[in-house]
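In listed order, ligands and their atoms are each counted from 1. Atoms considered below: every heavy atom in the structure, side chains included; atoms not considered: hydrogens, waters and symmetry mates.
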Amino acid sequence: MQEELRELAREKNALVIAHNYQRSEVQDAADFTGDSLELSRTAARTGAEIILFCGVHFMAETAHILSPQKKVLLAEIKAGCPMADMITAGDLRRMKAEHPEALVVAYVNTSAAVKAETDICCTSANAATVVANIPADREIIFVPDRNLALYVEKKTGRKLIKWDGFCPTHEYITVETILKTKAERPEALVIAHPECLPEVQDLADALESTSGMIRFAQQSEAKTFIIATEMGLNHRLKKENPDKEFISPTKKAICPNMKMTTLRKAIETLRQERYEIRLDEETRLKALAAVEAMVSYI
Ligand code: 13P
Ligand code: SF4
């Protein structure tokens with residue numbers, strides 16, 4: 001099936017991109033695998049006419065916002081992000097009405113309608129840099145992830161007006177699961193995603209985006225790592241560091257939406273050119289500046 005997908009992608013001049021949480025066999029069949037920021041940049045830069053996105057809805061939507069002339073297909077149309085669904089454009093408009101002077105920073109895990117109400121988007125890879133570059137006297141609304149917001153507050157010393165969103169998958173990773181794993185493997189370093197609970201973040205040796213976690217593991221002298229994020233990341237970690245060991249603190253750290261994409265579905269989506277992600281032009285244009293700002297920050 002991997003060969004079938006590759007062949008079809010060649011025939012159709014399509015680029016297959018996959019998030020780091022996708023099933024191993026889907027990652028291995030993709031042209032590119034990466035974190036949210038890398039996927040947005042790769043989708044924007046490609047000369048391919050079709051982008052087959054193996055990930056969740058907001059990721060394909062972001063690719064369409066940046067490149068409306070390309071046909072962006074979401075391999076599995078039902079794959080959403082529960083965190084992105086925790087805030088609506090109406091919720092954000094109400095926050096803005098309460099804080100009319102505030103600049104709005106939205107995590108890329110949001111709908112296009114929310115992005116259309118946003119000044120600058122960010123991913124976990126550049127959230128702190130985005131906030132650090134906002135003038136010190138400016139109020140900042142940060143939505144929707146409360147845990148990423150706390151990480152940014154700690155890293156930048158800025159106070160944020162927060163929304164109460166979270167990722168259910170990352171909140172399965174608790175202090176108890178980390179301490180239990182650490183007791184079994186005291187030599188292991190803990191690498192956590194900033195979507196983790198603040199008390200889990202406090203136990204981590206490093207806090208990184210998914211691709212940042214891979215780079216950290218590669219550069220570290222350590223041989224054993226506790227990986228506090230969705231378990232799909234372990235595939236690339238192991239593949240790119242065969243001499244190192246990666247342990248998940250809990251078997252519950254699985255994003256059901258990310259796992260909906262199978263090779264069979266990806267092939268069918270590309271064959272039929274179904275599940276195209278498009279927005280009305282007004283919403284797309286309103287969201288564009290915020291997403292362009294996001295991809296310009298390292
Ligand atoms: P990254 O941008 O770090 O890959 O994270 C995306 C995501 O959805 C994490 O849950
Ligand atoms: Fe959304 Fe969490 Fe899944 Fe990432 S892991 S796509 S934040 S539900």
Side-chain angles (χ1 to χ4, degrees), residues 17-23 26-27 30 32-43 53-63 74-87 105-111 114-115 121-130 142-149 151-152 155 163-173 191-197 200-201 204 206-217 227-237 248-261 291 294-295 297-298:
I17 56 182
H19 187 263
N20 286 325
Y21 295 158
Q22 289 288 292
R23 293 169 185 268
V26 173
Q27 292 192 31
F32 182 79
T33 303
D35 69 10
S36 308
L37 191 59
E38 292 170 334
L39 296 182
S40 295
R41 290 193 176 129
T42 304
F53 222 111
C54 302
V56 294
H57 194 274
F58 75 80
M59 296 180 173
E61 211 169 52
T62 305
L74 181 59
E76 166 52 77
I77 199 65
K78 293 198 283 295
C81 168
M83 183 206 287
D85 295 338
M86 286 178 191
I87 186 163
V105 179
Y107 194 22
V108 71
N109 298 39
T110 43
S111 66
V114 167
K115 289 184 176 80
C121 287
C122 67
T123 74
S124 60
N126 64 9
T129 315
V130 165
F142 189 99
V143 298
D145 187 4
R146 61 189 182 200
N147 298 326
L148 180 66
Y151 158 80
V152 171
K155 193 125 192 217
W163 189 251
D164 201 25
F166 62 94
C167 165
T169 299
H170 281 82
E171 291 209 354
Y172 280 126
I173 303 166
I191 322 179
H193 195 276
E195 284 178 21
C196 287
L197 292 160
V200 170
Q201 294 184 21
L207 288 161
E208 298 283 349
S209 76
T210 54
S211 289
M213 291 167 104
I214 297 171
R215 282 188 290 273
F216 182 90
I227 300 298
T229 196
E230 210 274 351
M231 286 168 76
L233 188 69
N234 290 13
H235 177 63
R236 267 190 76 193
L237 282 165
S248 288
T250 167
K251 288 191 171 61
K252 287 188 180 167
I254 291 178
C255 175
N257 284 279
M258 283 285 183
K259 300 303 188 249
M260 282 181 190
T261 302
V291 175
M294 174 186 90
V295 289
Y297 276 95
I298 298 185

I'd like the atom pairs linking ligand 1 to the protein - N or O on both sides, separation under 3.5 Å - with distances to 0.1 Å.
from: ligand 1; atom 1: 2 (O); to: S36; atom 2: N; distance (Å): 3.1
from: ligand 1; atom 1: 2 (O); to: S36; atom 2: OG; distance (Å): 2.7
from: ligand 1; atom 1: 3 (O); to: S124; atom 2: OG; distance (Å): 2.9
from: ligand 1; atom 1: 3 (O); to: H193; atom 2: NE2; distance (Å): 2.8
from: ligand 1; atom 1: 3 (O); to: T210; atom 2: N; distance (Å): 2.9
from: ligand 1; atom 1: 4 (O); to: H19; atom 2: NE2; distance (Å): 2.7
from: ligand 1; atom 1: 4 (O); to: S36; atom 2: N; distance (Å): 3.4
from: ligand 1; atom 1: 4 (O); to: T210; atom 2: OG1; distance (Å): 2.6
from: ligand 1; atom 1: 5 (O); to: H193; atom 2: NE2; distance (Å): 3.3
from: ligand 1; atom 1: 8 (O); to: N109; atom 2: ND2; distance (Å): 3.4
from: ligand 1; atom 1: 10 (O); to: E195; atom 2: OE1; distance (Å): 2.9
from: ligand 1; atom 1: 10 (O); to: E195; atom 2: OE2; distance (Å): 3.1

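Of the charged side-chain nitrogens involved, none lies within less than 4.0 Å of a carboxylate oxygen, so that R23 and E76 do not count as a salt-bridged pair.
Partners of Y21 under the ring-ring contact (aromatic ring centres under 6.0 Å, His included) rule, at least two apart in sequence or in another chain, are H19.
Counting heavy atoms of neighbouring residues, nucleotides and ligands inside a 6.0 Å radius, atom NZ of K155 does not exceed 12 of them. Heavy atoms of other residues, nucleotides or ligands lying less than 6.0 angstrom from CZ of F216 number more than 12.
The minimum heavy-atom distance linking M213 with I191 is given by the pair CE-O, 3.2 Å. The two atoms that bring Y107 and S124 nearest to each other are CE1-N, 3.4 Å, heavy atoms only.
A side-chain donor from one of N20 and S211 sits under 3.5 Å from a side-chain acceptor of the other.
Counting only distances under 2.8 Å, and ignoring water, the protein N, O or S atoms around atom 1 (Fe) of ligand 2 are C81 SG.
Contact analysis puts E195 in contact with ligand 2, with a non-hydrogen atom separation below 4.0 angstrom.
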Let me check something: any side-chain donor-acceptor pairs from residues 248-255 under 3.5 Å, sequence neighbours excluded? List them with distances.
from: S248; atom 1: OG; to: N234; atom 2: ND2; distance (Å): 3.1
from: T250; atom 1: OG1; to: K252; atom 2: N; distance (Å): 2.9

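Distance check: Q27 CD to T33 OG1 gives 5.0 Å after rounding to the nearest 0.5 Å. Between atom CG of residue N126 and atom CG of residue D35 there is a gap of 9.0 Å, rounded to the nearest 0.5 Å.
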